[in-house]
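The next block holds one structure in the form of structure tokens; read it before the comments.
A quick note: this is a predicted structure, and the numbers were derived from the prediction, not measured.
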Amino acid sequence: MAKYKRILLKLSGESLMGDQQYGIDQSRLNDYAEQIAALVKSGVEVGIVIGGGNIFRGLSGAAKGFDRVKGDQMGMLATVINSLALNSALINAGVRSRVMTAIRMEPVGEYYSKENAVDALAKGEVVIISAGTGNPYFTTDTASALRGIEIEADVMLKGTRVDGIYSADPEKDASATKFESITFDEIYARNLRIMDLTATTLCKENNLPILVFNMDQKGNLQRVMNGEPIGTIVHN
């Protein structure tokens, strides 16, 4: 039995690059699709939000002179590109999947609504919710928190390149220690930026736990669903 019945999976756009410097690595994309498809076939309901940093990041665009609002809108479109790619890979892996968008762009994707998303999940479809929140100044982490709350997910799984939350950046500080579990209040007190503060606060106030784990290690998604003690759980 899976530990969670309905999940919101947040995927990093950067992770889709694999070993490339830009864009989508097909091998990594197919690997993600296979892992997600295995969950769906076991009866888990899966909603997904994916970032766009492998294509364009609004903040970096603003730093180069783009208007921040336009830059964030470009970032939203980057998430739609990634969502369409993952949708195609999931269908090839044998599961039904649909892309919803936070801004209207039919026929590219269906305009997001909670009712339609929950109905699709109940029918065994993967629902990929793209274009962030549809508003500038909000990250895809915040979109993940918002959509996870809306679809009444049991947990938000944040797939990253590291295997959990550490006291410091483990790539820069060899003495950094990993947390098996940590409260939202401790996240604030230690100033650990696992997500932006808006996203963290949304999860805290709506009691949506976050599990941070290494999605790039094949099989980890299933291990999380089996209840194995990997990653870090954030809770109230």
How far apart are the closest heavy atoms of [X] and [Y], and which atoms are they?
{"X": "Phe184", "Y": "Leu208", "answer": "CZ-O, 3.5 Å"}
{"X": "Thr183", "Y": "Val234", "answer": "C-CG1, 4.2 Å"}
{"X": "Arg147", "Y": "Ala102", "answer": "NH2-CB, 3.6 Å"}
{"X": "Val108", "Y": "Leu84", "answer": "O-CD2, 3.6 Å"}
{"X": "Pro170", "Y": "Ala176", "answer": "CA-CB, 4.1 Å"}
{"X": "Ala93", "Y": "Ala37", "answer": "CB-CB, 3.9 Å"}

Measure the spacing between [atom1] of [X] and [atom2] of [Y] and express it to the nearest 0.5 Å.
{"X": "Met225", "Y": "Lys5", "atom1": "CE", "atom2": "NZ", "value": "9.5 Å"}
{"X": "Leu29", "Y": "Gln26", "atom1": "CG", "atom2": "CD", "value": "5.0 Å"}
{"X": "Ile103", "Y": "Ser130", "atom1": "CD1", "atom2": "OG", "value": "8.0 Å"}
{"X": "Asn54", "Y": "Ser12", "atom1": "CG", "atom2": "OG", "value": "7.5 Å"}
{"X": "Glu34", "Y": "Gln222", "atom1": "CD", "atom2": "CD", "value": "13.0 Å"}
{"X": "Thr101", "Y": "Tyr112", "atom1": "OG1", "atom2": "OH", "value": "12.0 Å"}

Query raised in the report: More than 12 foreign heavy atoms under 6.0 Å from CG of Asp19: is that the case here?
Result: no

**Report entry** Heavy atoms from other residues, nucleotides or ligands near NZ of Lys178 exceed 12 (cutoff 6.0 Å)
**Finding:** yes

Report task. Determine, for Phe179 and Arg190, whether the Lys NZ or Arg CZ falls below 6.0 Å from the six-membered ring centre while staying within 45 degrees of the axis. Result -> no

**Report entry** Thr133, Thr198, Asn135, Asp196 screened by side chain to side chain donor-acceptor pair (under 3.5 Å) with Thr142, the one that passes
**Finding:** Asp196

For the pair [X] (side chain) and [Y] (backbone), establish whether a donor and an acceptor sit closer than 3.5 Å, ignoring hydrogens and angles.
{"X": "Ser88", "Y": "Ala85", "answer": "no"}
{"X": "Lys10", "Y": "Thr160", "answer": "no"}
{"X": "Asp25", "Y": "Leu16", "answer": "no"}

Requested in this report: Answer yes or no: is there an ion pair linking Glu125 with Arg98, defined by an N-O contact shorter than 4.0 Å?
Outcome: yes

Query - Ion pair check, Lys204 and Asp185, cut-off under 4.0 Å - result: yes

Report task. For the pair Asn82 and Ile24, evaluate side chain to side chain contact (heavy atoms under 4.5 Å, CB included) and give the outcome as yes or no after the intermediate values. Result -> CA-CA 8 Å; Asn82 285 339; Ile24 300 170; 3.5 Å; yes

Heavy-atom check, side chain of [X] versus side chain of [Y], under 4.5 Å:
{"X": "Phe213", "Y": "Met215", "value": "yes"}
{"X": "Lys114", "Y": "Glu152", "value": "yes"}
{"X": "Leu90", "Y": "Ile128", "value": "yes"}
{"X": "Ser15", "Y": "Arg161", "value": "yes"}
{"X": "Tyr111", "Y": "Asn116", "value": "no"}
{"X": "Ile182", "Y": "Leu192", "value": "yes"}

Query raised in the report: Would Asn220 and Asn214 count as a side chain to side chain donor-acceptor pair (under 3.5 Å) if you check the C-alpha gap in whole Å, the side-chain angles of each, and the deciding distance to 0.1 Å?
Result: CA-CA 7 Å; Asn220 268 1; Asn214 183 355; 5.1 Å; no

Report task. Determine, stepwise, if the pair His235 / Ser181 fulfils side chain to side chain contact (heavy atoms under 4.5 Å, CB included). Result -> CA-CA 8 Å; His235 57 90; Ser181 72; 3.9 Å; yes

Please determine whether residues [X] and [Y] belong to a single hydrophobic cluster, defined as Ile, Leu, Val, Met, Phe, Trp and Tyr linked transitively by side-chain heavy-atom distances below 4.5 Å.
{"X": "Leu8", "Y": "Val40", "answer": "no"}
{"X": "Leu202", "Y": "Ile187", "answer": "yes"}
{"X": "Ile233", "Y": "Ile230", "answer": "yes"}
{"X": "Leu86", "Y": "Val126", "answer": "yes"}
{"X": "Val95", "Y": "Ile50", "answer": "yes"}

Report task. Test side chain to side chain contact (heavy atoms under 4.5 Å, CB included) on Leu39 and Ile7 and set out the steps. Result -> CA-CA 10 Å; Leu39 290 192; Ile7 65 171; 4.0 Å; yes

Report task. Evaluate the criterion side chain to side chain donor-acceptor pair (under 3.5 Å) for residue pair Thr201 and Tyr188; output intermediate values, then yes/no. Result -> CA-CA 10 Å; Thr201 301; Tyr188 293 134; 2.9 Å; yes

Query - Residue of the set Arg104, Met100, Met105 for which side-chain contact (heavy atoms from CB on, under 4.5 Å) holds with Glu110 - result: Met100

Report task. Determine the sole option in Met156, Met195, Lys158 for which the side-chain contact (heavy atoms from CB on, under 4.5 Å) test with Ser144 is passed. Result -> Met156

**Report entry** Partner residues of Asp119 under the salt bridge (charged side-chain N to carboxylate O under 4.0 Å, His left out) criterion, sequence neighbours left out
**Finding:** Lys123

Requested in this report: Kindly determine whether Asp31 and Lys218 satisfy salt bridge (charged side-chain N to carboxylate O under 4.0 Å, His left out), including the steps that lead there.
Outcome: CA-CA 7 Å; Asp31 176 59; Lys218 191 168 184 177; 3.8 Å; yes

Query raised in the report: What do the steps show when you test Tyr4 against Val44 for side chain to side chain contact (heavy atoms under 4.5 Å, CB included), and what is the final call?
Result: CA-CA 7 Å; Tyr4 306 107; Val44 178; 5.8 Å; no

